[in-house]
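Have a look at the structure below, then the notes.
Remember, it's 1-based here, ligands and their atoms both numbered in the order they're listed.
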Amino acid sequence: MPFVMVHNRKVYYAGDNSLEGSPVIFCHGSGGGHHHWLYQLKNLQNPVNPLAVDLPGHGRSEGDALHSVSAYRDWLHDFTQEIGIERFIPAGHSLGGAIALDYAIHYPDHTMGLILIGTGSRLRVLPAILDVLREGQVPPDFVDFLYSPAAEDELRVRGREEVAACAASVYYADLNACDRFDISSELPRISVPALILCGTDDRLTPVKYSRFLADNIPWSRIEIIEGAGHMVMLEKPDQVNSAIRAFVAELDTYSKEN
Ligand code: COA
């Protein structure tokens, strides 16, 4: 159960950074935590060393949620320095994907590749959602946007408990950070290979956003996963893991050859 201090606050991450394999650091989305990566942490070892962090103010990490993607991006860098990882593959979902994208642009020497799941280069949020959060409430139907209609009920029940357990102020900070994020014109600067994954039924970051990433990141591969919503890594873990495994193996081969 590793904890590390970042900016004098205790930070939790799941996984073991001393293990073999290319380090992939998973970053959750708005109001989330490392548990969103349950199936990646459990089933992805070799060629991957999966690690999943709780961003500040989330899950078991102390502190407050940050207010911009760029602040999270720099925080991620400080976190990786604390755990002694110089180069890694940032992998992010939704807000976490925005952090990963921004990281690849600003810290190219520390980035081996990029995994982008249910995300986009611009993440405007429905004003009605922000209005309710500003009043200190989480919209009661928020969870309905997260999963495909085909998702198992158990996932939706767990999702509802999780949404209820997270403070509205954390969602508000995170979704505001998303709303102000737009690096669409900077995508051609990304110099590492990117894997882009999205569910066909994603209503929060529709497939169109992923196609835009694929069209504008110079070296990318996109896989659209049938019958999954925004929480594709929980809804279709086997497909997500196969795509990640193949991508990381290819990156390893490429880096040995060059
Ligand atoms: N990649 C590619 N295209 C994008 C994009 C992205 N990341 N973000 C926006 N666009 C497109 C839109 O699809 C739209 O295209 P269109 O004119 O062909 O329909 C255009 O750019 C303008 O979009 P936007 O700035 O989002 O304005 P809008 O007035 O169309 O919609 C919202 C605003 C909030 C209603 C809309 O963004 C939305 O429904 N978002 C999803 C819901 C949400 O809250 N998601 C949370 C994300 S974390």
Side-chain angles (χ1 to χ4, degrees), residues 26-33 36 55 57-58 65-73 76 90-105 114-135 137-149 151 159 162-163 166-190 194-218 220-224 228-235:
F26 289 97
C27 288
H28 57 80
S30 300
H36 283 176
L55 292 169
H58 296 73
L66 306 182
H67 288 266
S68 67
V69 170
S70 53
Y72 277 125
R73 167 201 80 203
L76 177 65
H93 171 241
S94 202
L95 167 67
I99 298 167
L101 273 168
D102 212 28
Y103 191 88
I105 291 170
L114 196 50
I115 300 174
L116 304 167
I117 304 176
T119 191
S121 58
R122 181 172 193 247
L123 294 175
R124 288 289 116 90
V125 177
L126 281 171
I129 295 182
L130 289 176
D131 287 347
V132 176
L133 289 169
R134 197 180 296 111
E135 300 297 319
Q137 318 240 334
V138 178
D141 55 352
F142 188 65
V143 80
D144 299 333
F145 287 91
L146 294 175
Y147 297 94
S148 161
E162 200 182 288
V163 168
C166 180
S169 59
V170 172
Y171 276 111
Y172 185 63
D174 286 352
L175 288 171
N176 245 310
C178 287
D179 196 48
R180 287 185 279 115
F181 177 70
D182 185 0
I183 52 145
S184 304
S185 62
E186 294 180 63
L187 295 177
R189 285 174 56 198
I190 294 177
L195 171 68
I196 300 159
L197 303 174
C198 184
T200 48
D201 302 340
D202 191 330
R203 292 165 69 192
L204 288 178
T205 52
V207 169
K208 177 180 181 175
Y209 292 10
S210 284
R211 293 211 189 282
F212 184 86
L213 292 174
D215 289 344
N216 289 277
I217 297 177
S220 63
R221 176 196 298 168
I222 181 166
E223 286 191 32
I224 306 300
H230 191 55
M231 303 305 288
V232 56
M233 66 285 188
L234 286 168
E235 293 173 73

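Protein heavy atom at the shortest distance from atom 16 (P) of ligand 1 is K208 NZ, 3.4 Å. The protein non-hydrogen atom at the shortest distance from atom 44 (O) of ligand 1 is L126 N, 2.9 Å. Nearest to atom 33 (C) of ligand 1 among the protein's heavy atoms is R124 CB, 4.4 Å. Remark: minimum distance from atom 45 (N) of ligand 1 to any protein heavy atom is reached at L204 O, 3.1 Å.
Contact annotation for atom 20 (C) of ligand 1: protein absent (non-hydrogen atoms, distance under 4.0 Å). Per-atom contact check: atom 8 (N) of ligand 1 touches the protein, criterion being a heavy-atom distance below 4.0 Å. Distance check for atom 27 (O) of ligand 1: every protein heavy atom is found at 4.0 Å or beyond.
Interface atoms of ligand 1 facing F212, defined by a heavy-atom separation under 4.0 Å, are 1 (N), 2 (C). Annotation for ligand 1: atoms under 4.0 Å from non-hydrogen atoms of S121 are 7 (N).
When R203, H230, E162 are each tested for a side-chain contact (heavy atoms from CB on, under 4.5 Å) with L146, only one passes: H230. Here the rule is side-chain contact (heavy atoms from CB on, under 4.5 Å) with F181, and of V125, L95, V69 only V69 fits it. Only one option out of D202, D201, I222, I224 pairs with V207 in a side-chain contact (heavy atoms from CB on, under 4.5 Å); it is I224. Each of I99, D174, L66, V170 was checked for a side-chain contact (heavy atoms from CB on, under 4.5 Å) with L55, and the lone residue meeting it is I99.
Closest heavy-atom contact between L116 and A194: CD1-CB, 4.4 Å. Taking each heavy atom of L130 and N176 in turn, the nearest pair found is CD2-N, 4.1 Å.
Distance alone, capped at 3.5 Å, places no donor-acceptor pair between the E235 side chain and the A151 backbone. The backbone N or O of G118 lies less than 3.5 Å from a partner atom in the side chain of T205, making a donor-acceptor pair.
Ligand 1 has an N or O atom lying under 3.5 Å from an N or O atom of R122, backbone or side chain.
When the heavy-atom distances from atom 1 (N) of ligand 1 to Y209, F145, F181 are ranked, the shortest goes to Y209.
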